[in-house]
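Notes follow the structure.
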Amino acid sequence: MLISTIKKITLASSLCLMAGSAMAGYDFDVGEEGKLSFGGYLKVDARYVSGDVGYRDFWIGTGTALEQDASQFRIFANESRFNTKYVHGDVMGFIEMDFLGGGGNQVVSNSANPRLRHAFIKYKGLTAGQTWTTFMNTSAIPETADFAGATVGLAFIRQGQIRYDMGGFQVSIENPESVGGDTANDDLPDVIARYNFKGDWGNVSISALGRSLNTNAGNSETAFGGSIAGRIKTFGKDDLRFQFHQGEVGRYVGIGAASDLVGEEVETTTSYLAAYRHYWTDTLRSTVLYGRVETDITSAERSQWSVNLFQNLTPALAIGIEVGNFEIGDKDVDSNYAQLSMRYAL
């Protein structure tokens with residue numbers, strides 16, 4: 001029995017190294033109450049960017065403004081990921097890695113370092129470790145070829161936290177960070193409360209965020225922000241995904257578009273995204289989206305739109321093409337992009 005279990009685990013480990021989805025694809029019983037799961041996906045992207053915003057493998061809330069237009073093409077597989085989950089009774093441990101952490105160059109090996117995405121322990125309603133912030137509704141992230149898609153309009157952070165779930169209500173204390181301020185004196189955790197409404201129609205979440213920020217001059221500032229996000233079923237398999245974030249949310253939205261502090265002042269941010277996914281057939285679908293973020297002190301204006309077409313060749317293998325535009329409005333620059341993606345999920 002022990003030898004058989006070891007063989008299963010060894011086989012699963014080999015498969016895990018070759019493929020990787022956020023949902024586990026291979027389950028193995030370990031003892032009477034234990035279950036070991038491996039999952040992930042392989043994703044290959046061919047991406048072309050042209051314009052006066054410098055090339056990135058995926059857009060975030062900031063970018064390099066170029067003096068002249070430039071065009072670049074790349075093929076890469078760095079988004080590929082793998083995960084492992086172990087469940088024993090009421091206890092669950094989960095860890096996930098991908099290869100978007102950097103590493104080698106494109107001259108010879110195109111190496112990429114693995115990076116930690118998630119690592120947390122869950123016991124009944126308690127979650128402790130690194131995972132998505134409670135401020136974030138992951139079901140409201142649209143299906144895109146570009147990683148995450150219109151991050152300017154998303155709440156998008158993974159960080160250390162201790163969270164407690166009570167039905168639809170969640171409350172957490174999370175890792176603090178004063179972007180633009182004095183991080184050496186970040187001595188109080190961020191506090192987040194969220195309520196989830198769910199039904200056959202979809203889901204909507206309402207979140208509130210409270211933080212203590214420290215300026216470089218030694219002052220302490222209180223920051224508050226709110227969010228509403230969700231995924232609503234419409235006709236057939238279609239859905240509408242949306243997010244709206246407003247207040248002193250800083251680093252929690254836009255991935256680099258806003259700071260928490262600018263000098264001695266707390267920056268206010270407004271960020272939103274809307275995405276509609278339509279199924280042409282049971283396996284052919286498209287998403288059209290628009291996202292935008294604006295800040296009050298630095299007057300940042302960043303936006304992205306895209307439209308795509310995805311087809312499942314098998315239940316686990318999908319191929320898609322996407323075109324879109326990323327704009328840094330406050331610098332009057334933008335770039336168009338086209339991306340072809342193939343994803344194989346366990």
Side-chain angles (χ1 to χ4, degrees), residues 9-26 36-49 54-64 72-86 93-120 129-133 136 138 141-151 154 156-160 175 251 254-256 304 306 308 310 313-314 316-322 324 326 337-346:
I9 294 174
T10 302
L11 172 61
S13 299
S14 301
L15 292 169
C16 181
L17 291 174
M18 292 186 292
S21 143
M23 300 302 293
Y26 292 87
L36 189 65
S37 304
F38 297 91
Y41 61 72
L42 288 172
K43 184 167 181 276
V44 181
D45 295 288
R47 181 173 172 93
Y48 175 79
V49 173
Y55 175 94
R56 291 189 61 93
D57 285 345
F58 57 93
W59 299 119
I60 60 173
T62 187
T64 302
Q72 190 170 347
F73 174 79
R74 280 201 66 201
I75 300 175
F76 52 94
N78 299 40
E79 191 184 321
S80 300
R81 66 186 62 164
F82 63 89
N83 56 58
T84 303
K85 179 173 68 173
Y86 179 65
F94 184 88
I95 187 167
E96 182 174 69
M97 307 178 81
D98 69 9
F99 300 90
L100 286 170
N105 56 49
Q106 301 175 58
V107 178
V108 179
S109 67
N110 287 275
S111 303
N113 295 327
R115 66 168 185 172
L116 183 69
R117 287 173 54 84
H118 300 271
F120 62 88
Q130 175 172 305
T131 189
W132 296 119
T133 174
M136 176 180 173
T138 57
I141 299 176
E143 181 182 25
T144 57
D146 187 32
F147 180 68
T151 54
L154 297 179
F156 195 90
I157 284 183
R158 291 184 301 271
Q159 62 187 5
N175 188 66
R251 67 184 179 89
I255 308 187
Q304 182 180 346
S306 68
N308 58 46
F310 282 92
L313 305 178
T314 73
L317 180 63
I319 189 169
I321 187 169
E322 179 171 297
F326 175 73
Y337 75 98
Q339 187 162 332
L340 177 67
S341 295
M342 178 175 285
R343 171 175 149 157
Y344 175 67
L346 295 180

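Positions are given from 1 along the sequence.
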Exercise. Would I95 and L116 satisfy side-chain contact (heavy atoms from CB on, under 4.5 Å), going step by step from the backbone distance to the final call?
Worked result: CA-CA 8 Å; I95 187 167; L116 183 69; 3.8 Å; yes
For this session: Step by step, work out the side-chain contact (heavy atoms from CB on, under 4.5 Å) result for T131 and R158.
Result: CA-CA 5 Å; T131 189; R158 291 184 301 271; 5.9 Å; no
For this session: Taking the side chain as every heavy atom from C-beta outward, state whether L313 and I319 have any atom pair closer than 4.5 Å.
Result: yes
Problem set entry | For the student: nearest non-hydrogen atoms of I60 and T151, plus distance | CA-OG1, 3.2 Å
Exercise. If we only count heavy atoms from C-beta on, is the D57 to L100 side-chain gap below 4.5 Å?
Worked result: no
Exercise. A148 and I141: which non-hydrogen atoms are nearest, and at how many Å?
Worked result: O-CG2, 3.5 Å
Problem set entry | Q339 to A145 - nearest heavy-atom pair and separation | NE2-O, 3.0 Å
For this session: Take Q106 and F76, measure what side-chain contact (heavy atoms from CB on, under 4.5 Å) needs, and give me the verdict at the end.
Result: CA-CA 10 Å; Q106 301 175 58; F76 52 94; over 6 Å; no
Exercise. Which pair of non-hydrogen atoms, one from V49 and one from R56, has the smallest distance, and what is that distance?
Worked result: CG2-O, 4.4 Å
For this session: Any chance you could measure N83, atom CG, to M97, atom CE, to the nearest 0.5 Å?
Result: 11.5 Å
Seminar exercise, completed: Value for CZ (F38) from NZ (K85), rounded to nearest 0.5 Å, stands at 12.0 Å
Exercise. Who are the side chain to side chain donor-acceptor pair (under 3.5 Å) partners of E79, not counting sequence neighbours?
Worked result: Y41, K43
Seminar exercise, completed: Here the gap from R74 atom CZ to Y48 atom OH, rounded to the nearest 0.5 Å, amounts to 16.0 Å
Exercise. Where do N175 and R251 come nearest, in terms of heavy atoms and distance?
Worked result: O-NH2, 2.8 Å
Exercise. Relative to F99, does R81 satisfy both conditions: NZ or CZ under 6.0 angstrom from the six-membered ring centre, and within 45 degrees of the ring's axis?
Worked result: no
For this session: With the side chain counted from C-beta on, respond yes when F82 and E96 share a heavy-atom pair under 4.5 Å apart, and no when they do not.
Result: no
Exercise. Looking at CZ of F156 and OG1 of T138, how far apart are the two atoms once the value is rounded to the nearest 0.5 Å?
Worked result: 10.5 Å
Problem set entry | Separation of D98 CG from N113 CG (nearest 0.5 Å) | 11.5 Å
Exercise. Below 4.5 Å, heavy atoms only, C-beta onward: do H118 and W132 meet side chain to side chain?
Worked result: yes
Exercise. What about F120 and F94, are their ring centers closer than 6.0 Å?
Worked result: yes
Exercise. Yes or no on ring-ring contact (aromatic ring centres under 6.0 Å, His included) for F147 and W59, after CA distance, side-chain angles and deciding distance?
Worked result: CA-CA 8 Å; F147 180 68; W59 299 119; over 10 Å; no
Problem set entry | Reported CZ-to-CG distance for the pair R115 and N78, which is rounded to 0.5 angstrom | 10.0 Å
For this session: Evaluate the criterion side-chain hydrogen bond (donor to acceptor under 3.5 Å, both in side chains) for residue pair E143 and N308; output intermediate values, then yes/no.
Result: CA-CA 9 Å; E143 181 182 25; N308 58 46; over 6 Å; no
For this session: Test side-chain contact (heavy atoms from CB on, under 4.5 Å) on L346 and Y26 and set out the steps.
Result: CA-CA 8 Å; L346 295 180; Y26 292 87; 3.5 Å; yes
For this session: Determine whether R343 and L317 make a side-chain contact, defined as any pair of heavy atoms from C-beta on separated by less than 4.5 Å.
Result: no
Exercise. Closest approach of G149 and L154, non-hydrogen atoms and distance?
Worked result: O-CD1, 3.7 Å
